[in-house]
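What follows is a single structure, written as structure tokens, with notes after it.
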2 protein chains.
Amino acid sequence: MIKFTPAEESYLKAIYHISDEGKRTVSTNDISFQMKTKPASVSDMLRRLGEKEVIEYRKYYGVNITEEGKKLALQTIRKHRLWEVFLVEKLRFSWDEVHEVADELEHVKSKLLIQRLDEYLGFPKFDPHGDPIPDEYGDVRARPRLPLTDLELHATGQIVAVKDSSAAFLKYLDKVGAYIGARIRVMEKVEFDGSVEISVDNKKNIFMSKDVAANVLVML
Amino acid sequence: MIKFTPAEESYLKAIYHISDEGKRTVSTNDISFQMKTKPASVSDMLRRLGEKEVIEYRKYYGVNITEEGKKLALQTIRKHRLWEVFLVEKLRFSWDEVHEVADELEHVKSKLLIQRLDEYLGFPKFDPHGDPIPDEYGDVRARPRLPLTDLELHATGQIVAVKDSSAAFLKYLDKVGAYIGARIRVMEKVEFDGSVEISVDNKKNIFMSKDVAANVLVML
DNA sequence: TTTATAATTTAGATATATCTAAATTTAAAT
DNA sequence: ATTTAAATTTAGATATATCTAAATTATAAA
Ligand SMILES: [Mn+2]
Ligand SMILES: [Mn+2]
Ligand SMILES: [Mn+2]
Ligand SMILES: [Mn+2]
């Protein structure tokens, strides 16, 4: 069994996430941006991850994650999301406080720990941001979801996830009263700036700029 | 605020534990043994910890932990023991499975996490091995405890902790039916080899070699 | 097709954390 | 008071993970 350092796991996770956003090949700069490290540091890491065969690395042409790499990344993502559920469900963290802590907890090495945590949490399928939790084999069943901006006028749906998980964005959603699970209806669409007005749980109405709405993911 | 790496925290914890066993001054070799690293590595770390003023380091003469260092060590010990309680109480780990995992979890940096964990666990005062959990200011109220070997014939008491926390020893105690909280009475003391026979909860009798009994700590 | 720009890699530096082997110091024995 | 042995430190090496500055490569523009 090859061993991976926390840094290697984090880079691999980043590469997986970027791949998952549609890009087949991931560039050094993409990773550099995501990881907040310099491109030079990324190049060095890519060489090492390539040697460990979790990515295919062609100098100057970017990387593709291998099947082996995907599995590993999904294990780390699984741990990250389970810990996020734990922090919110058991330790009363708010959804904007969990990410940094989960980024540390995800590297703790113990298979038993994660099995038991999963069981203790009741085998949750989604994390506090609505993202699916891979099973122990790395299988993820993503539910179909689309940005709120794609909904037609008068369409109804349910908020199921957020695209941006930054504390700032999440706190803003809290403030206006948007949350995962909320039943919504598009009350108005402003052509001019793409902003929308939605009703939440048939109770209150919320105005959202296009930027905000684009980061709110819904299910019909 | 000076920052400390996981390795620095671990060394400091080791130095604290060795100091706590009576030694005022801790030697390089003592630390090397405890940390399972070479004396050369220890010397290097001591230089760094000395610069950060958590220990007083006089070359060739060993180290003394400072007040600042003691505080820091106790914070790490607090985290370690709270996580051990979590693993046993919530995740059904056995007491011989928790130490290595807690050794990783103790380095996760989040004040809120530990506050909430403490609260979630109901502010436990002792870990699964009977060791006291320092409060958030580093105060420990150690209960008086003595090795089972010190008990007189026919004396009664209660098992409150173990001195050796190795998996092998803990599993052995499980096997013979000794546990923290057990009410015991010394039924026989063998002069020849120092072994003892004790009754547990007035139900069953256990034979213990001197070596085992010396690592079982009791309260009268 | 040449040239310029942007992306990327390499080289060399710093910091942490470990090791082995050699040098040094302290403490014990003669 | 020497000598020796044990403990400790230093020197030099390796591995990880980062950086800045310089060199290289690929791609877009002219
Ligand atoms: Mn997250
Ligand atoms: Mn999440
Ligand atoms: Mn422990
Ligand atoms: Mn313990």
Side-chain angles (χ1 to χ4, degrees), chain A residues 1-15 18-19 23-65 69 72 76 100 103-104 106-109, chain B residues 1-15 18-19 23-65 69 72 76 100 103-104 106-109:
Chain A
M1 230 340 60
I2 308 164
K3 274 187 215 156
F4 291 84
T5 66
E8 286 169 341
E9 288 178 350
S10 296
Y11 272 95
L12 200 58
K13 194 161 66 104
I15 293 165
I18 299 164
S19 300
K23 309 204 178 188
R24 64 239 155 276
T25 282
V26 179
S27 77
T28 299
N29 267 359
D30 289 343
I31 301 166
S32 165
F33 177 79
Q34 181 98 353
M35 293 296 296
K36 301 184 213 293
T37 53
K38 300 292 160 187
S41 309
V42 175
S43 288
D44 200 55
M45 181 56 87
L46 294 183
R47 187 185 43 69
R48 296 208 295 276
L49 291 176
E51 279 166 12
K52 291 190 172 181
E53 298 187 331
V54 287
I55 59 170
E56 269 186 80
Y57 176 38
R58 278 185 59 215
K59 272 188 213 170
Y60 293 101
Y61 290 90
V63 298
N64 291 82
I65 193 163
L72 229 126
T76 309
E100 287 72 20
D103 261 348
E104 287 193 60
E106 73 188 9
H107 301 294
V108 174
K109 303 252 183 296
Chain B
M1 215 8 37
I2 309 164
K3 274 188 214 156
F4 291 85
T5 66
E8 286 169 341
E9 288 179 349
S10 295
Y11 272 96
L12 200 59
K13 194 162 66 105
I15 293 165
I18 299 165
S19 299
K23 308 203 176 187
R24 65 242 152 273
T25 282
V26 178
S27 77
T28 298
N29 266 359
D30 288 344
I31 300 165
S32 165
F33 177 79
Q34 181 98 355
M35 292 297 296
K36 301 184 213 294
T37 54
K38 299 293 160 183
S41 308
V42 175
S43 288
D44 201 55
M45 182 55 88
L46 294 183
R47 187 184 45 69
R48 296 208 296 274
L49 291 176
E51 279 164 13
K52 291 189 171 181
E53 299 188 327
V54 287
I55 58 169
E56 270 186 77
Y57 176 37
R58 279 184 58 213
K59 269 187 212 170
Y60 293 102
Y61 288 90
V63 297
N64 291 84
I65 194 163
L72 228 127
T76 309
E100 286 72 20
D103 262 348
E104 288 192 61
E106 72 188 9
H107 301 295
V108 174
K109 302 255 183 294

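Chain letters run A, B, ... following the sequence lines, proteins first and then strands; every chain starts at 1.
- Taking every heavy atom of residues 25-33 of chain A and every atom of DNA chain C, pairs under 4.0 Å involve Ser27(A), Thr28(A), Asn29(A), by number.
- Applying the side chain to side chain donor-acceptor pair (under 3.5 Å) test to pairs two or more places apart or on separate chains, those with a residue in residues 53-65 of chain A are Thr25(A)-Asn64(A).
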Could you pull out the protein-nucleic contacts involving nucleotides 14-20 of chain D (nitrogen or oxygen on both sides, under 3.5 Å)?
{"residue": "dA17(D)", "atom": "OP1", "partner": "Thr5(A)", "partner atom": "OG1", "Å": "2.4"}
{"residue": "dA17(D)", "atom": "OP2", "partner": "Thr5(A)", "partner atom": "OG1", "Å": "3.3"}
{"residue": "dA17(D)", "atom": "OP2", "partner": "Arg48(A)", "partner atom": "NH2", "Å": "2.8"}
{"residue": "dC19(D)", "atom": "OP2", "partner": "Lys38(A)", "partner atom": "N", "Å": "2.9"}
{"residue": "dC19(D)", "atom": "OP2", "partner": "Ser41(A)", "partner atom": "OG", "Å": "2.5"}

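- In this structure Asn29(B) satisfies the side-chain hydrogen bond (donor to acceptor under 3.5 Å, both in side chains) test with no other residue, sequence neighbours excluded.
- Partners of Lys13(A) according to the side-chain hydrogen bond (donor to acceptor under 3.5 Å, both in side chains) rule, which considers only residues two or more places apart in sequence or in another chain, are Asp103(A), Glu106(A).
- Note on Phe4(B): nothing from the nucleic acid sits closer than 4.0 angstrom, heavy atoms only.
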Below 3.5 Å is the cut-off: list the nitrogen or oxygen pairs between protein and nucleotides 24-27 of chain D, distance only.
{"residue": "dA26(D)", "atom": "OP1", "partner": "Tyr61(A)", "partner atom": "OH", "Å": "3.4"}

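- In this structure, the salt bridge (charged side-chain N to carboxylate O under 4.0 Å, His left out) partners of Lys109(A), at least two apart in sequence or on a different chain, are Glu9(A).
- Shown here are the side chain to side chain contact (heavy atoms under 4.5 Å, CB included) partners of Ala14(A), two or more places apart in sequence or in another chain: Gln34(A), Met35(A).
- When each of Thr37(A), Leu46(A), Ile55(A) is tested with Tyr11(A) by the rule side-chain contact (heavy atoms from CB on, under 4.5 Å), just one qualifies, namely Thr37(A).
- Taking only side-chain nitrogens and oxygens, Tyr57(A) never comes nearer than 4.0 Å to OP1 or OP2 of dT8(C).
- Here the P atom of nucleotide dT10(D) and the CG atom of Leu46(B) are 11 Å apart, to the nearest Å.
- Residues satisfying the side-chain hydrogen bond (donor to acceptor under 3.5 Å, both in side chains) test with Glu104(A), not counting sequence neighbours, are none.
- Residue pairs that meet the salt bridge (Lys or Arg N to Asp or Glu O under 4.0 Å) test with at least one member in residues 42-51 of chain A, sequence neighbours left out, are Asp44(A)-Arg47(A), Asp44(A)-Arg48(A), Arg47(A)-Glu51(A).
- When the side chain to side chain contact (heavy atoms under 4.5 Å, CB included) test is applied to Thr5(B), the partners found at least two apart in sequence or on another chain are Ala7(B), Glu8(B).
- The side-chain hydrogen bond (donor to acceptor under 3.5 Å, both in side chains) check on Ser43(A) picks up nothing, with sequence neighbours excluded.
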